[in-house]
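These notes concern the structure reproduced below.
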Protein chains: 2
Amino acid sequence: MTPQRPTMNDVARAAGVSLKTVSRVVNGETTVAPDLAAKVRAAVETLDYRPHLGASMLRRNDRRTRTIGVLLDDVSHPFSAAVHRAIEDQARARGIHVLTGSLDQDPARERDLAAAFAERQTDGLILAPTGADLDHLAFHVDMPVVFVDRLPTGATGDTVVSTNVSGAAGAVRHLIARGHRRIAYLGANLRLSTARERFLGYQRALGHRAGPAVHDLHDLTAAERATVAVLRGPSSATAIFAAHSMATIGAVRALRHLGRQHRIALVGFDDFPMADLLDPPITVVAQDPARLGRTAALSLFERIEGHTGPPREIRIPTTLIPRGSGEL
Amino acid sequence: MTPQRPTMNDVARAAGVSLKTVSRVVNGETTVAPDLAAKVRAAVETLDYRPHLGASMLRRNDRRTRTIGVLLDDVSHPFSAAVHRAIEDQARARGIHVLTGSLDQDPARERDLAAAFAERQTDGLILAPTGADLDHLAFHVDMPVVFVDRLPTGATGDTVVSTNVSGAAGAVRHLIARGHRRIAYLGANLRLSTARERFLGYQRALGHRAGPAVHDLHDLTAAERATVAVLRGPSSATAIFAAHSMATIGAVRALRHLGRQHRIALVGFDDFPMADLLDPPITVVAQDPARLGRTAALSLFERIEGHTGPPREIRIPTTLIPRGSGEL
DNA sequence: CTACTGCGAGACAACGTTGTCTCTCGATTT
DNA sequence: AAATCGAGAGACAACGTTGTCTCGCAGTAG
């Protein structure tokens with residue numbers, strides 16, 4: 001019925017040699033007489049033979065699938081997408097393929113997808129942890145894991161993250177230098193290490209003068225509401241530090257809506273598209289998602305190649321980009 | 001040395017049953033006595049046994065890897081990322097995993113990655129064609145392929161694309177209705193079906209009055225330069241139709257730089273982040289990338305399930321979103 | 001002219017799982 | 001009470017490939 005793909009046996013028959021000889025030619029072994037090798041290659045060509053990676057994997061000693069898994073928060077978010085792309089580029093250079101998944105901060109999905117990738121025998125995993133306990137990894141996932149963007153809880157491994165504390169502190173000091181004293185904080189759930197670290201940087205920069213803070217902001221409308229709240233509140237902030245891009249964009253929208261975009265200073269953590277074309281252009285602490293991804297990939301490939309040694313924590317520097325909104 | 005993962009044999013020994021009984025329990029067959037099944041499940045638990053998908057795949061009759069390949073232009077581009085995410089969501093609902101790759105409009109990469117995915121026995125492929133001849137697909141890729149965003153050349157299959165001609169024509173008519181007569185076109189290489197179709201829509205709407213057109217625009221700076229050129233040229237356009245988001249953003253930047261963003265009308269094809277927050281807000285013909293991805297995924301899964309029948313071409317409608325820049 | 005060496009090539013087992021066949025044993029039918 | 005049946009469980013082969021072993025043969029040494 002269905003025309004089956006040819007196997008090594010078919011090639012062997014067509015070339016008039018033994019199956020094993022075909023295997024040798026396909027694997028580039030040099031111990032085959034040139035004329036036989038030529039016949040085999042011809043047969044491979046005409047039959048359009050392609051090795052069955054599953055079977056080969058099963059028998060081979062090294063057991064490599066040349067595939068890695070990448071689990072990020074949301075592959076359609078610009079930050080995750082940039083990390084993803086950088087990983088893909090590193091993988092491609094090595095002929096390695098990439099299985100992807102979006103976690104949407106859901107620990108169950110994190111657990112399930114990590115386990116599923118392990119079952120599929122991926123050679124390694126790059127994970128942006130949701131913040132939940134990862135003790136299941138040690139049990140179920142027997143491959144190198146590198147964490148990116150967020151610190152893991154309940155597991156150890158190489159970790160590549162931004163300089164969140166100093167980046168956030170720098171942003172806030174930038175506002176302080178402009179004379180602001182009542183600076184509000186908008187950020188995500190503190191379960192996430194990024195939120196914790198950025199909030200810490202905010203607090204360090206302000207000392208006892210820390211202003212109103214709203215956490216747990218994930219979608220745009222929540223961020224917009226929170227912006228209105230911190231401006232209306234008793235402390236009536238004159239400046240806002242938004243600790244992730246969704247919060248920043250929410251703040252931009254709310255300020256615009258209130259007509260106060262030129263009166264309230266705003267610095268966001270994580271750059272976003274078009275930030276420089278808005279009015280005012282938005283000052284941000286830019287992360288380097290491509291470098292995060294690239295570095296994580298390099299770490300992972302080192303581990304896959306057998307590098308051992310204690311887990312490394314690599315910090316990728318952030319850059320303050322003053323554009324106008326933070327200089328009011 | 002390396003602690004090997006347990007196999008079915010290990011589980012069988014631990015549970016005191018035969019290997020085949022373990023296989024039956026793992027695969028949820030009902031012909032196993034409850035007490036034996038319980039023993040097996042306990043052993044699976046304590047040994048943390050996970051089936052070897054490669055081996056199972058090799059022997060099974062249906063030969064499904066429950067993995068599909070997705071090849072898009074650039075997973076970090078917002079449009080591709082949204083398509084990707086929609087596909088992933090459909091796949092997840094079916095417990096299917098996704099291998100991704102970015103093609104960057106490179107036919108060689110398209111060919112290599114398609115072949116590599118075929119070797120990996122993916123169950124199907126969703127492809128945004130680069131525009132090059134795809135006759136190699138029929139030869140080397142024996143799985144269902146669904147095309148998304150762009151029409152294939154040299155291959156057939158279900159195809160899910162936007163209503164490019166009518167969308168572009170609508171954009172241009174919108175400008176004509178505002179009194180514009182000299183409307184420039186900025187677009188990508190006409191090798192891409194999207195560029196061809198959008199240019200066709202532009203020409204249809206304008207008839208013999210078509211204005212200056214610049215093709216082959218891919219990066220921002222080229223689009224900026226082209227914008228300056230069509231404004232300075234002999235026909236001195238009063239409006240611009242930008243046929244993809246990179247061209248639109250380039251035009252926005254150039255107009256801003258020239259200080260003419262409130263004098264020259266602009267409509268872009270494909271929405272982009274923050275378009276509504278710019279000054280002026282940018283009028284666009286919005287595509288529905290999520291629906292494109294979802295529809296492509298549904299088509300592919302139907303084909304994987306065995307649906308036969310002639311290739312379908314599905315058009316996803318576009319929506320004109322007037323925001324200001326096109327109403328000057 | 002026999003014995004040894006080395007290399008090319010095939011035979012065979014094995015990887016971890018599932019499909020098929022067979023066997024046992026208790027229950028039902030006549 | 002003998003024959004039949006069915007369900008549960010194991011033995012065995014097979015999936016497509018690679019690792020290992022062996023064999024044959026040409027070339028060389030004694």
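Chain identifiers are assigned alphabetically (A, B, ...) following the order of the sequence lines, protein sequences preceding nucleic acid strands; residue numbering begins at 1 within each chain.
- Note on A/Leu53: nothing from the nucleic acid sits closer than 4.0 angstrom, heavy atoms only.
- An OP1 or OP2 oxygen of D/dG16 is reached within less than 4.0 angstrom by no side-chain nitrogen or oxygen of A/Asn9.
- Between A/Glu302 and A/Arg312, at least one side-chain nitrogen of the basic residue sits less than 4.0 Å from a carboxylate oxygen of the acidic one, meeting the salt-bridge criterion.
- The base of C/dG8 does not come close enough to the side chain of A/Lys20 for any donor and acceptor atom to sit less than 3.5 Å apart.
- Residue B/Ser23 is classed as a base contact, given a heavy-atom separation below 4.0 Å to a base.
- A donor N or O paired with an acceptor N or O is not found under 3.5 Å between the base of C/dT17 and the side-chain atoms of B/Arg59.
- Between A/Arg294 and A/Asp89 no salt bridge is recorded (no basic side-chain N to carboxylate O distance below 4.0 Å).
- Salt bridge annotation for A/Glu88-A/Arg92: present, with a cationic side-chain nitrogen under 4.0 angstrom from a carboxylate oxygen.
- A/Arg24 comes within contact range of at least one nucleobase, with a heavy-atom separation under 4.0 Å.
- Among the nucleotides C/dA9, C/dT20, C/dT17, the one closest to any side-chain atom of B/Ser56 is C/dT17.
- Using a 4.0 Å cut-off, some side-chain N or O of B/Ser18 falls inside it from OP1 or OP2 of D/dG10.
- Residue B/Thr21 is in sugar-phosphate contact alone, with no base atom involved, counting any heavy-atom pair closer than 4.0 Å across all strands shown.
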Practice problem: Could you please spell out the steps behind the side-chain contact (heavy atoms from CB on, under 4.5 Å) verdict for B/Phe147 and B/Leu137? | Solution: CA-CA 12 Å; B/Phe147 303 98; B/Leu137 277 190; 4.0 Å; yes
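- Both B/His52 and A/Val32 lie close to DNA chain C; mapped to their nearest nucleotides by heavy-atom distance, the more 5′-ward contact belongs to A/Val32.
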